[in-house]
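As the structure is a computational prediction, the values presented were derived from the model and not from experiment. Throughout, residue positions are numbered sequentially from 1 according to the sequence presented.
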Amino acid sequence: MMLPIACSAVVLSGCESLNLAMGAANYDRVYDTYAQTDTTETSITNRRHADGRDAGLISAFFGLDDALPEGITDRVACEGAGGADGMPIIFSHEVDIATLEPGDLRITTQSGAVNPVTCLTLDPASDPGELRTALLAGFYGSAEDEPVSVDIVGNVLSLDGTVNFKGASVAVTPLEAGPTLVWAEIVPEMQWDLGGKATDFPWGGGSRCPVGTAQVVRVTWGGGVTKPGGDPADDTERKLYKVKTVTADGKPAEITPFALADLKDGDNNHLLCLDTTDAVTSVFFPAGYLTDPREDLNPDTTISLLP
């Protein structure tokens with residue numbers, strides 16, 4: 001008999017009951033790394049992706065101070081990370097986990113201290129198209145001396161192998177801040193898997209948009225989000241998302257997704273399922289409905305899509 005285990009989601013979200021006992025025992029971790037030096041040898045120095053954007057970091061979020069949950073973190077995310085700090089960082093493009101290691105990163109605190117990252121993982125944000133969020137686990141700051149910057153000092157390559165993130169840097173969102181939207185994109189149809197269900201296997205994929213969806217927008221939060229208390233978002237939050245579009249004849253409009261997906265996998269992404277193919281320009285979510293792992297509420301947050 002498989003018993004439910006109550007846990008705070010290891011990487012990004014809050015407290016959620018998952019049937020993990022059997023799944024955790026059999027979970028094959030493929031997205032965690034531990035090397036304290038840069039082991040990637042490459043001749044790639046290009047910093048500009050084919051889409052014209054520079055390879056960089058778009059967010060770093062000091063989500064937990066000495067509070068990654070014991071037990072489940074070690075079993076399905078990073079060995080030895082239970083009780084450590086948790087910081088998700090988000091890359092401008094998907095990354096190749098074979099080139100991403102703790103030794104590639106330098107985290108500096110307000111006092112100037114540089115402390116090592118114990119391990120990192122791309123789970124649970126590992127559905128197709130999501131491999132841009134990495135959880136950093138270790139003891140790299142505190143509420144009294146918070147981390148203020150993250151620098152890429154080693155060779156880290158994009159998933160398609162065309163750009164190197166070395167030299168990228170980003171300021172850290174402080175511990176007491178609530179989560180915000182930091183990225184939005186149109187999801188390629190090859191990744192839709194319409195009608196797909198979420199799985200309880202940690203960290204299995206989240207739910208997919210329903211059959212009949214005309215367009216899918218992925219929004220990424222700087223840290224994982226749940227309702228206050230830890231339940232995943234549902235139809236209540238779906239109605240709060242406001243999507244600005246431009247119709248075929250050039251008129252602006254505002255719509256609400258007819259469904260919300262990528263739920264129940266504890267990551268920092270939501271899929272907005274739309275019933276229109278009109279061009280999407282931005283997404284808005286109002287303050288006070290979603291929280292990070294510390295139960296800090298989100299502020300009003302808007303993210304634009306690239307043209």
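Counting heavy atoms from C-beta outward, K242 and T256 have side chains that approach closer than 4.5 Å. In this structure, the side chains of S282 and S304 come closer than 4.5 Å at one or more pairs of heavy atoms. No side-chain heavy atom of F285 sits less than 4.5 Å from a side-chain heavy atom of T180. No side-chain heavy atom of C78 sits under 4.5 Å from any side-chain heavy atom of T118. Inter-residue side-chain proximity for R218 and E130 is flagged as met; some heavy-atom pair is nearer than 4.5 Å. Put simply, the side chain of Y140 does not reach to within 4.5 Å of the side chain of P116, judged on heavy atoms. Inter-residue side-chain proximity for H270 and R238 is flagged as unmet; no heavy-atom pair is nearer than 4.5 Å.
Of the possible polar contacts, one joining the E237 side chain to the D234 backbone as a donor-acceptor pair under 3.5 Å is found. Formation of a donor-acceptor pair under 3.5 Å by the N115 side chain with backbone atoms of T108 is not found in this model. The closest donor-acceptor contact from the side chain of D265 to the backbone of G206 lies under 3.5 Å. When atom types are taken as modelled, the side chain of E146 and the backbone of P174 share no donor-acceptor pair closer than 3.5 angstrom. A donor-acceptor pair is defined here as one N or O able to donate and one able to accept, closer than 3.5 Å; no such pair exists between the side chain of N298 and the backbone of P179. Judged by distance alone, with hydrogens and angles left aside, the side-chain atoms of N164 form no donor-acceptor pair with the main-chain N or O of N46 at under 3.5 Å. A distance-only check finds a donor-acceptor pair linking the side chain of Q215 to the backbone of D278 [under 3.5 Å]. Without hydrogens or angle criteria, Y34 side chain to E79 main chain gives a donor-acceptor distance under 3.5 Å. Between the T37 side chain and the T39 main chain, no donor and acceptor come within less than 3.5 Å of each other. Side chain of S149 to main chain of A171: no donor-acceptor pair is present (N/O by atom type, distance under 3.5 Å, no hydrogens or angles).
Screening V172, I107, V148, V150 for a side chain to side chain contact (heavy atoms under 4.5 Å, CB included) involving F62 leaves a single residue, V172. Of the options V156, D38, I89, a side chain to side chain contact (heavy atoms under 4.5 Å, CB included) to L105 is made by I89 and by none of the others.
Counted within 6.0 Å of CD on E254, heavy atoms from surrounding residues, nucleotides or ligands total more than 12; the atom is thus considered enclosed. Within 6.0 Å of CZ on R106 lie no more than 12 heavy atoms contributed by other residues, nucleotides or ligands.
When the side chains of ILVMFWY residues are joined at heavy-atom separations under 4.5 Å, either directly or via intervening members, I90 and L290 end up in two distinct hydrophobic clusters. Following chains of ILVMFWY side-chain contacts shorter than 4.5 Å, one cannot reach W192 starting from M190, and the two form parts of different hydrophobic clusters. V243 and F258 sit in two unconnected hydrophobic clusters of ILVMFWY residues. Membership requires side-chain heavy atoms under 4.5 Å apart, directly or through other members. V95 and L136 fall within the same hydrophobic cluster, where Ile, Leu, Val, Met, Phe, Trp and Tyr residues are linked whenever their side-chain heavy atoms come under 4.5 Å apart, directly or through other members. In this structure, I303 is a member of the same hydrophobic cluster as V217, with clusters built from ILVMFWY side-chain heavy atoms closer than 4.5 Å.
Across all non-hydrogen atoms, the minimal contact from D65 to A143 is OD2-N, 3.2 Å. The shortest non-hydrogen separation linking C119 to P102 is CA-CG, 3.7 Å. When all heavy atoms of V187 and L271 are compared, the closest pair comes out as CG2-CD2, 4.0 Å. A261 and R208 get closest at one heavy-atom pair: CB-C, 3.4 Å. Taking both residues in full, the closest heavy atoms of A125 and N268 are given as CB-OD1, 3.6 Å, listed atom of the first, atom of the second, then distance. M87 and A60 get closest at one heavy-atom pair: SD-CB, 4.1 Å.
Using a 4.0 Å cut-off between a side-chain N of Lys or Arg and a carboxylate O of Asp or Glu, R132 and E94 do not qualify as a salt bridge. A salt bridge does not link D104 to K166: none of the charged nitrogens lies less than 4.0 Å from a carboxylate oxygen. The pair R294-D292 does not meet the salt-bridge criterion, since no charged nitrogen lies less than 4.0 angstrom from a carboxylate oxygen. Note on E295 versus K227: no salt bridge recorded, every NZ/NE/NH1/NH2 to OD/OE distance being 4.0 Å or above.
Here CD1 of I97 is found 9.0 Å from CG of D123. Values are rounded to the nearest 0.5 Å. From T133, atom OG1 reaches atom CG of D267 across 7.5 Å, with rounding to the nearest 0.5 Å. Distance CG/D193 to SG/C209: 10.0 Å, rounded to 0.5 Å. In this structure, CH2 on W183 lies 8.5 Å from OG1 on T220, to the nearest 0.5 angstrom. Put simply, CG on L240 and CG on D235 are 10.0 Å apart, with the number rounded to the nearest 0.5 Å. Note that OG1 of T281 is 12.0 Å distant from CG of L306, once rounded to the nearest 0.5 Å.
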task = Go through the steps to decide whether T291 and T226 satisfy the test side chain to side chain contact (heavy atoms under 4.5 Å, CB included), and finish with yes or no.
result = CA-CA 6 Å; T291 70; T226 64; 3.8 Å; yes
inquiry  = Working note: L64 + D85, criterion side chain to side chain contact (heavy atoms under 4.5 Å, CB included); need CA distance, chi angles, decisive distance, verdict.
reply    = CA-CA 5 Å; L64 290 172; D85 302 339; 6.0 Å; no
message = Checking D96 against T99 for the side-chain hydrogen bond (donor to acceptor under 3.5 Å, both in side chains) test, could you report, in this order, the C-alpha distance in whole Å, the side-chain angles of both residues, the deciding distance, and whether it holds?
response = CA-CA 6 Å; D96 179 358; T99 70; 4.7 Å; no
Test side chain to side chain contact (heavy atoms under 4.5 Å, CB included) applied to L274 and T213, step by step = CA-CA 6 Å; L274 308 183; T213 297; 5.7 Å; no
ask   = Run the ring-ring contact (aromatic ring centres under 6.0 Å, His included) check on W221 and F61 step by step: do they pass?
value = CA-CA 10 Å; W221 293 79; F61 189 83; 10.0 Å; no
request  = Evaluate the side chain to side chain contact (heavy atoms under 4.5 Å, CB included) criterion for residues V280 and I186: first the C-alpha distance (whole Å), next the side-chain angles of each, then the deciding distance (0.1 Å), finally the verdict.
outcome  = CA-CA 8 Å; V280 176; I186 303 299; 4.2 Å; yes
Pair F284-Y241, ring-ring contact (aromatic ring centres under 6.0 Å, His included): steps then yes or no = CA-CA 6 Å; F284 168 80; Y241 275 108; 9.4 Å; no
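Among residue pairs with one or both ends in residues 288-307, none qualify as ring-ring contact (aromatic ring centres under 6.0 Å, His included); sequence neighbours excluded.
Residues S111 and T109 bring a donor and an acceptor atom of their side chains to less than 3.5 Å of each other.
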Review item, side-chain donor-acceptor pairs of residues 52-59, under 3.5 Å, at least two apart:
unit_1, atom_1, unit_2, atom_2, d
R53, NE, D51, OD2, 3.1
R53, NH1, S92, O, 3.2
R53, NH2, D51, OD2, 3.0
R53, NH2, S92, O, 3.2
R53, NH2, H93, NE2, 3.1
D54, OD1, R48, NE, 3.0
D54, OD1, R48, NH2, 3.1

